[in-house]
2 protein chains.
Amino acid sequence: MCVNCDYRDLLESAGLEPTTNRVRVLEIIGNNQFPLTAADIFTTVERSHSINRVTVYRILELLVDHKLVERLSAGGRAAHYGLAPNDNHAPHHHFFCTRCGRMDCLNPGSLDLSSDRLRKTFSGEIERIEIRVDGVCRNCLKSSVH
Amino acid sequence: MCVNCDYRDLLESAGLEPTTNRVRVLEIIGNNQFPLTAADIFTTVERSHSINRVTVYRILELLVDHKLVERLSAGGRAAHYGLAPNDNHAPHHHFFCTRCGRMDCLNPGSLDLSSDRLRKTFSGEIERIEIRVDGVCRNCLKSSVH
DNA sequence: TGTTGTATGCAAATTAGTTGCATGTCAATT
DNA sequence: AATTGACATGCAACTAATTTGCATACAACA
Ligand SMILES: [Zn+2]
Ligand SMILES: [Zn+2]
Ligand SMILES: [Zn+2]
Ligand SMILES: [Zn+2]
């Protein structure tokens, strides 16, 4: 739960109409402590208000395009969505459990990447750098001990 | 083209029968200078010898399981496959062009990640760390200049 | 009042990958 | 030689995740 983020504000300052569906989707992403799949988000919204699956996908794309939300590629097939770095949310990387398929946020600063050499020599344009740590989460480790 | 890798050998030393299909798939991955999708690999094999799509998927999974090949998650939906680090191939990370969807290999050493802090504090088990740089490749930059 | 733009819904299509089951091949076993 | 079992492959059908096309609704605007 993020008490500092006003999701309606975030939408508006990105130049987007803060429709109820958009606010709901963004709230769910922002209030969750780990990134969610489109399906997760859909079923969560659905629990309280009817919404179409396609609408969720369209909102997610919009939010990603406007950099309010980050699309994270998991080891599995479904993309995960998390709040993009902003004043209240420091940039950080993610862990993907290959056993249960859950993603977790890593502490900002727990990984240190230096990309100076690349930025000096690379001939294309760099937009973002995604780091994903794959492995087995604590829970899954625990439950595999008999 | 890698003159140093004997793909039949690689398969055998991983304890796998070097069947013609497996050798072909591994050769295509190894001789390519950037990672390919399953579909790419399928059509490449197909051009000279008949093979089933499913066989390609099964071989890819086998090769990944035996660590001869690495599965890389691209910004898009399809996984890309590249040769896993071995005596002739230094570990390196990848670039994904969001415009043309092509992946490229970055120079080994152009990115430097220190994960000590994470490894000290993380409560799960870390298997691998994947870094993907997203952006626009040189070719796409060039062709967008009018 | 008519027109345009934007948000959403619904059905169908597409993409990428997986599963179930049949067949062929080869080597070991009877 | 016939039998068995372990793979490797093929083919058809399936599933999951996402996308597309088209219809509707509503609000702002001319
Ligand atoms: Zn887990
Ligand atoms: Zn996160
Ligand atoms: Zn490109
Ligand atoms: Zn590579």
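In what follows, chains carry the letters A, B, and so on, assigned in the order in which the sequence lines appear, proteins first and then strands, with residues in each chain numbered from 1.
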Legend entry - Side-chain N,O (B:Asn21) to OP1/OP2 (D:dT9) below 4.0 Å: yes

Inset, instruction - Kindly say whether A:Ala79 contributes a backbone atom to a donor-acceptor pair with the side chain of A:Thr37 at under 3.5 angstrom? - result: no

Inset, instruction - On DNA chain C, check which nucleotide each of A:Arg53 and A:Leu62 is closest to and give me the residue with the more 5' one. - result: A:Leu62

Legend entry - A:Ser73 backbone acceptor or donor facing A:Glu130 side chain under 3.5 Å: yes

Inset, instruction - Rounded off to whole Å, could you give me the CD-to-P distance for the A:Glu61 and D:dT20 pair? - result: 8 Å

Output a table of nitrogen or oxygen pairs between the protein and nucleotides 20-22 of chain C separated by less than 3.5 Å.
from   : atom 1 : to      : atom 2 : distance (Å)
C:dG20 : O6     : B:Arg58 : NH1    : 3.4

Inset, instruction - Grab the CZ-P distance between B:Phe42 and C:dA16 for me, whole Å please. - result: 13 Å

Inset, instruction - Answer yes or no on whether A:Arg102 is positioned over the face of A:Phe34, meaning its NZ or CZ is under 6.0 Å from the six-membered ring centre and within 45° of the axis. - result: yes

Inset, instruction - Measure the distance from NE2 on A:His66 to P on C:dT6 and round it to the nearest whole Å. - result: 11 Å

Legend entry - Donor-acceptor contact present, side-chain A:His89 to main-chain A:Pro85, <3.5 Å: no

Legend entry - Among C:dT15, D:dA8, C:dG9, the nucleotide that comes nearest once only the side chain of B:Thr19 is considered: D:dA8

Inset, instruction - Would you mind reading off the distance between B:His80 atom NE2 and C:dG17 atom C1', rounded to a whole angstrom? - result: 15 Å

Nucleotide N/O to protein N/O under 3.5 Å, stretch nucleotides 23-30 of chain D:
none

Inset, instruction - Could you go through the side chain to side chain contact (heavy atoms under 4.5 Å, CB included) check for A:Ile28 and A:Val25 one step at a time? - result: CA-CA 5 Å; A:Ile28 287 166; A:Val25 167; 5.9 Å; no

Inset, instruction - Scan side-chain atoms only and decide if B:Tyr7 and B:Asn31 contain a donor-acceptor pair under the 3.5 Å cut-off. - result: yes

Inset, instruction - Give a yes/no on whether any side-chain N or O of B:Tyr57 is located under 4.0 angstrom from OP1 or OP2 of C:dT18. - result: no

Inset, instruction - Taking only the side-chain nitrogens and oxygens of B:Asn52, find out if one of them lies under 4.0 Å from OP1 or OP2 of D:dC11. - result: yes

Legend entry - Ring centres under 6.0 angstrom apart (A:Phe95, B:Phe122): yes

Inset, instruction - For residues 105-125 of chain B, pull every pair meeting salt bridge (Lys or Arg N to Asp or Glu O under 4.0 Å), keeping only residues two or more places apart or in separate chains. - result: none

Inset, instruction - Calculate the interatomic distance between B:Leu63 atom CG and C:dG17 atom P; express it in whole Å. - result: 15 Å

Inset, instruction - Would you mind checking if B:Arg128 and B:Glu70 are paired as a salt bridge, meaning a charged N to carboxylate O distance below 4.0 Å? - result: yes

Inset, instruction - Select one nucleotide: of D:dA8, C:dA16, D:dT19, the one nearest the side-chain heavy atoms of B:Glu17. - result: D:dA8

Legend entry - Given C:dG9, D:dT9, C:dA7, the nucleotide with the shortest approach to the side chain of A:Ile51: C:dG9

Legend entry - Spacing between A:Arg77 atom CZ and D:dT15 atom C1', to the nearest angstrom: 7 Å

Inset, instruction - Would you mind reading off the distance between A:Leu16 atom CG and C:dG5 atom C1', rounded to a whole angstrom? - result: 15 Å

Inset, instruction - Counting heavy atoms from C-beta on, name the nucleotide in C:dA16, D:dT18, C:dG9 closest to the side chain of A:Ala79. - result: D:dT18

Legend entry - Rounded distance (Å) that lies between atom P of C:dG17 and atom CG of B:Asp40: 11 Å

Inset, instruction - In plain terms, say whether A:Asp134 and A:Arg132 are close enough for a salt bridge, that is, a side-chain N and a carboxylate O under 4.0 Å apart. - result: yes

